[in-house]
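Below is one structure, written out as structure tokens; the observations come after it.
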Amino acid sequence: MNYELSVPGLHCGGCAKTVTTALQTLDPSARVEVDLTGKKVRVTTQATASDLHETLAKAGYPVQDAEPIRQEPVVTAITPEDQSYQDTMRKFWFAAVVAVPVLLLSLPDYFPALREALMGWHVLSIGAALLSLPVLAWSGGSFFLGAWHSFRNHNANMDTLVALGTGSAWLYSAVYALAPGLFPPEAAGMFFDVAVVVIALVLLGQALEAKARGQSSEAIKKLLELQAKTARVIRDNQELDIPLARVIVGDTVLVRPGEKVPVDGLILTGESAIDESVVTGESVPTDKKPGDTVIGASLNKTGAFTFRATKVGKDTTLAQIVQMVAQAQTSKAPIGKLVDLVSGYFVPAVVILAVLAFLAWFNFGPSLNFAVVAMVTVLVIACPCALGLATPMSLMVGVGKAAQNGVLIRNGEALENASHLKVLVLDKTGTITKGQPALTDVLPLGGYSAETLLTLAAIADRRSEHPLAQAIVQGALKRNLTLTEPQAFEAIPGQGVQATVDQQVVLVGNAKLMTVQGIDLAKFSTATDRLADEGKTPMFVAVAGQAAGVIAVADTIKEDSTQAIRTLQKMGIEVIMMTGDNQRTAQAIARQVGITRVLAEVLPADKAQMVKTLQQQTKAKSLVGMVGDGINDAPALAQADVGFAMGTGTDVAIEAADITLVGGNLRALVYAIEVSRATLNNIRQNLFGAFIYNALGIPFAAGVFYPALGLLLSPIIAGGAMALSSITVVTNANRLRFFAPQSFAEVKS
Amino acid sequence: MNLLVNSLGIVFIVWVVWYFWLWKGESVQATNQSGVQEIDITVQGGYRPAEIVVQVGQRVRLNFTRRESSACSEEIVLPDFGLRSHLPQNQTVTLEVTPGQPGEYEFVCGMNMLKGKLIAR
């Protein structure tokens with residue numbers, strides 16, 4: 001981590017030494033730079049900000065402020081204000097302006113009649129040579145320097161091609177202008193205009209490309225901008241506004257309506273609705289109460305609350321997301337492997353082709369200058385940048401776009417595999433369903449009303465901690481029923497509860513409880529079969545020794561599950577449900593969400609093996625994905641070709657998962673697969689475009705089509721095409737920024 | 001004349017193959033101080049040194065200084081470590097990595113044209 005610390009007490013060389021020693025005692029591997037004039041200390045260290053503060057304060061040099069320098073996560077955006085952009089544009093304009101007279105002076109080259117009319121035309125060409133020289137030297141200087149530097153390192157790149165192309169065009173022309181007598185008459189011709197215009201076009205291309213690339217990394221910048229700048233903490237009963245970097249774990253932080261939550265934490269007092277879309281992609285605000293977690297950078301909507309900071313700095317959810325996205329954006333996708341191989345050989349190969357084109361036309365072509373044109377055109381049309389940018393640009397935009405929508409993709413390989421998925425195994429509990437039982441049916445018997453039955457059962461269950469009992473109590477409270485305290489209460493393990501409510505004995509529990517207590521089960525039977533078929537758990541209620549009704553509790557299906565599963569199936573993916581539950585319950589849930597293939601009664605330990613079996617069963621190249629909660633399902637997630645973890649709350653960087661669905665719903669799963677497919681398509685378009693461009697452009701430039709069709713490319717057009725090709729790749733990648741999933745909306749309507 | 005031009009052309013091609021593809025650079029050992037290996041790398045049309053021998057499992061501090069304005073080298077990427085950084089001209093950018101396994105770890109420019117590697121032993 002890099003820090004820049006402002007230390008007002010620094011004023012002499014001695015101070016610098018003390019500070020350096022102090023910091024290196026804290027972390028022997030720290031790299032310390034002291035800037036006495038700016039009164040700043042720059043440190044690269046593993047130590048935390050608060051450790052640095054403490055160490056320097058002890059050494060007698062308290063730090064005024066410590067902002068961690070934001071690590072540049074991806075490509076820095078090039079804005080029109082940037083020096084390098086302005087320099088490039090200035091060089092471009094110079095070349096563009098000079099190009100006008102140079103082109104005019106070159107007119108006789110294109111019109112032999114004009115050449116004959118102007119007797120002293122080759123004097124004019126010396127003028128063109130002199131005019132174009134500063135363009136090569138200043139505007140094109142970076143190409144020549146770059147080419148030279150690479151050459152010294154046994155490397156060759158785009159600079160090499162531009163420098164060789166424009167340099168040889170200029171040199172040939174200059175020799176001709178000075179000593180036309182050396183050349184046979186048919187070799188007449190000069191290319192000063194080519195040198196100048198190609199340099200202008202390539203410079204313009206570079207500037208535009210740099211700007212477009214800035215947009216590609218927009219996603220991560222947007223995420224970073226979402227952070228709060230300051231936090232209002234309560235220390236020693238005082239409210240203090242402090243910079244975000246100074247918040248420490250354990251601080252009590254106050255957040256008012258309309259403010260951003262500065263760091264991650266647990267609510268202490270107050271309630272509010274919080275918009276967590278920044279992290280989860282879910283735009284509906286979530287209600288939070290004391291004890292709930294809050295995520296830094298989310299937006300507090302309605303109420304004021306205080307919370308205890310649990311994660312700060314680089315540990316916050318947002319920081320982890322940014323870190324993960326930045327890492328994924330630098331990773332490679334297997335589809336780009338060929339390019340990686342090609343790019344190492346590309347430029348020297350183009351140089352060789354250019355020489356071959358020259359030799360071919362020199363030996364068999366109409367004239368020497370034809371050979372020179374072919375060579376120069378080959379050099380300037382070839383575009384290594386388009387090839388090199390094709391995969392990383394799309395990956396960067398796609399991964400960033402996914403992150404903005406609550407889908408964290410670990411790397412390029414995960415993205416590529418997700419786009420090829422043919423089979424998806426969904427864990428039931430916590431993935432398709434909420435993982436928490438809830439009250440579903442109240443079926444009274446013997447003259448009780450539903451309300452009375454539920455009230456009695458809920459009062460009886462009130463003191464039980466069993467999840468099923470809690471579901472009944474919560475269900476009653478949700479229906480605004482008034483619950484009094486039971487007069488007596490006894491939990492019977494494995495059966496249910498027995499309680500006294502309003503002087504009556506109330507039994508709530510399973511069939512065993514009823515049998516043991518001598519209640520005739522036959523009275524309940526009509527309802528129970530149906531409930532079981534629906535995947536619900538029936539709870540029997542008896543009051544004063546008589547059957548009073550059945551209350552059903554079930555793990556409820558998440559709102560989006562059915563839609564999402566239908567969408568996945570429409571996308572051509574076979575969806576399989578895997579669960580440890582019994583067949584009957586599993587089938588019931590599967591029926592409700594439209595899944596036909598169910599793997600029930602799978603022990604947690606066998607889940608990974610099950611995924612492996614599926615992988616062996618499915619045809620080659622169809623990949624199997626697994627969606628689970630990331631904790632119990634870790635081995636299965638790791639075994640799958642793509643493991644999707646349902647993240648909830650602050651738990652974003654789930655290790656076993658290739659893709660984390662932060663919002664914890666299946667809609668995000670659909671999005672993940674759609675965005676992966678769109679990104680991979682985009683990469684394919686880019687690669688195809690870049691390969692086809694070079695594969696057609698280079699032979700065209702070399703004059704392969706000349707004998708048959710009489711077509712030879714002008715080097716000026718070649719230079720323009722080269723500049724355009726890399727802009728096209730970046731622009732195409734940027735199209736992904738506007739990616740909107742179609743299928744989910746379609747199915748819903 | 002024809003013979004001369006043709007011979008020169010062929011010789012040039014052979015030389016290109018040798019100079020760019022067959023030539024092997026020398027590797028340099030990173031210096032080791034108090035448990036951190038460190039190496040200064042000049043970025044100028046390539047990486048000098050381009051092959052760095054380091055010890056496995058120990059932190060490596062790579063100090064990249066870009067001494068050119070050519071856009072080709074403006075980014076440095078270490079794909080194996082998920083690091084990408086902008087290299088401002090004439091400034092030193094320090095990246096720290098720890099190679100966990102013996103092997104070769106590439107560092108490349110943003111467009112994958114310029115290459116160097118860490119050789120972890």
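In the text below, chain A, chain B and the rest are named by the order of the sequence lines, each starting its count at 1.
- By the 4.5 Å heavy-atom criterion applied to side chains, A/Arg152 and B/Gln44 are counted as neighbours.
- Note on ring orientation: taking the six-membered ring where Trp is involved, the planes of B/Trp18 and A/His154 are perpendicular (angle over 60°, cut-offs 30° and 60°).
- Ranked by heavy-atom pairs shorter than 4.5 Å toward chain B, the options A/Thr160, A/Leu389, A/Leu387 are led by A/Leu389.
- When the candidates B/Gln89, B/Arg61, B/Glu96 are compared by the number of heavy-atom contacts under 4.5 Å with chain A, B/Arg61 comes out ahead.
- A/Pro392 touches chain B through its side chain: at least one heavy atom from C-beta onward sits under 4.5 Å away, while N, CA, C and O do not.
- With a 4.5 Å cut-off on side-chain heavy atoms, B/Tyr47 and A/Asn155 do not count as touching.
- Residues B/Glu68 and A/Leu145 have side chains not in contact (no heavy-atom distance under 4.5 Å, counting atoms from C-beta outward).
- Contact annotation for A/Phe151: both backbone and side-chain heavy atoms come within less than 4.5 Å of a heavy atom of chain B.
- The parts of B/Val5 that come within reach of chain A are both its backbone and its side chain, each placing non-hydrogen atoms under 4.5 angstrom from that chain.
- Only the side chain of A/Val347 comes within contact range of chain B, judged by heavy atoms closer than 4.5 Å.
- For B/Glu38, the part lying near chain A is the side chain, with the backbone staying farther off; criterion is any non-hydrogen pair under 4.5 Å.
- Taking the six-membered ring where the residue is Trp, A/Tyr345 and B/Trp21 present perpendicular rings, their angle passing 60° and hence far from 30°.
- In this structure, B/Gly9 and A/Leu359 approach most closely via the heavy-atom pair CA-CD1, 4.0 Å.
- Using a 4.5 Å cut-off between heavy atoms, A/Asn363 contacts chain B through its side chain alone, with no backbone atom that close.
- Note that CG of B/Asn6 is 6.5 Å distant from CZ of A/Phe362, once rounded to the nearest 0.5 Å.
- Of the inter-residue distances, the one linking A/Asn153 atom CG with B/Leu114 atom CG reads 8.5 Å to the nearest 0.5 angstrom.
- Heavy atoms closer than 4.5 Å to chain B are found nowhere in A/Ala390, neither backbone nor side chain.
- Within the 4.5 angstrom heavy-atom criterion, atoms from both the backbone and the side chain of B/Tyr19 approach chain A.
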